[in-house]
Amino acid sequence: MQIPSPGRTSTGTLPVSARAGDSGAGIPYTIIRGRSDGPVLALVAGTHGAEYVPIIGLQRLRDTIAPADIRGTLLLVHVANMPSFLGRTVYYSPVDGQNLNRVFPGKPDGTLSERIADVITREVIARATHVVDLHGGDGNESLRPYSYWITSGDPEVSAASKALALAFGLSHIVVDRGRPTDPAASVYLSNTAITRGKPAITTETGCMGVVDAHSLELLDRGVRGVLRHLGMVDDGPAALEQATWIERDVVLRAGHTGLFYPVATRGHRVAQGAIVGRITDFHGTTLEEIVAPFDGEMMYVVNTPPINKGEPIGMVGSHLAG
Ligand SMILES: [Zn+2]
């Protein structure tokens with residue numbers, strides 16, 4: 001990674017070397033280094049390659065922030081998962097079938113997804129002081145905006161991560177208490193930072209493969225809020241004083257393969273027992289009706305017909321602890 005001198009910007013592509021069975025990958029990045037020292041904020045887009053709002057959002061951000069505008073360093077990863085982006089896949093890499101955001105911290109001699117994770121861990125997370133992993137609803141997910149706050153690990157890091165979530169400004173924050181604390185088995189990108197003592201959040205803006213102005217605005221507002229919170233800029237949106245804390249959440253999963261018909265809508269409330277969606281076979285017979293296990297709000301709902309047994313069909317969140 002090419003670190004520019006103070007007051008300069010550098011661009012490049014991190015190589016993920018080829019191995020038998022694949023041709024490797026490239027991870028394009030931009031580093032904007034202010035004239036004075038300060039935090040090193042890593043913003044990662046495209047961990048899931050069909051989550052386009054973060055990818056386009058960082059393209060726009062790069063063109064609107066100059067080194068003279070910031071203290072510290074902004075490290076932009078434009079597309080973390082290039083095989084998935086160019087292959088137009090949701091969830092999984094078209095090369096190895098793995099979900100990049102489940103294989104962190106990665107392996108230098110592993111599958112392509114594991115090698116991408118390893119490069120991000122060593123080149124990006126190792127250099128950062130703070131990390132925001134920018135997601136959205138995947139190409140098949142209808143999603144309301146929210147952030148994840150991972151509470152596990154060091155209390156100071158946890159408190160700093162909470163402040164990042166409030167600074168990013170999305171009204172709904174999922175309180176994520178169950179993440180691994182082992183740095184060697186961190187699983188998720190943001191948790192890889194947290195298990196290394198660096199505050200981090202995951203954010204969700206945009207969905208369904210659509211790059212819409214409102215979602216781009218939320219993301220831009222979020223990044224500028226974090227920059228202000230970290231003292232990297234003087235002006236910017238103020239952090240939220242309160243949020244809707246989602247203390248309990250569940251990802252509902254398909255018990256069958258077939259056609260999925262959503263019933264619930266993102267951002268809408270569902271009562272315990274309400275049908276969230278149904279799955280039929282290819283001859284129209286209902287195989288399953290999936291219901292909300294508790295009163296809550298639909299954080300996202302799968303909104304395209306293909307469904308495989310075991311895959312998520314939606315997520316219910318509640319501000320009440322379970
Ligand atoms: Zn994602």
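Ligands are counted one by one from 1 in listed order, and the atoms in each one are counted from 1 as well.
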Flag for [Y]-[X]: side-chain donor and acceptor within less than 3.5 Å:
X: Ser190; Y: Thr202; value: yes
X: His172; Y: Glu297; value: yes
X: His135; Y: Thr203; value: no
X: Ser84; Y: Thr89; value: yes
X: Asn99; Y: His48; value: yes

Using 0.5 Å steps for rounding, measure from the CD atom of Glu51 to the CG atom of Asn81.
9.5 Å
What are the protein N, O or S atoms, given as residue plus atom name, that sit under 2.8 Å from the Zn ion (ligand 1)?
His48 ND1, Glu51 OE1, Glu51 OE2, His135 ND1
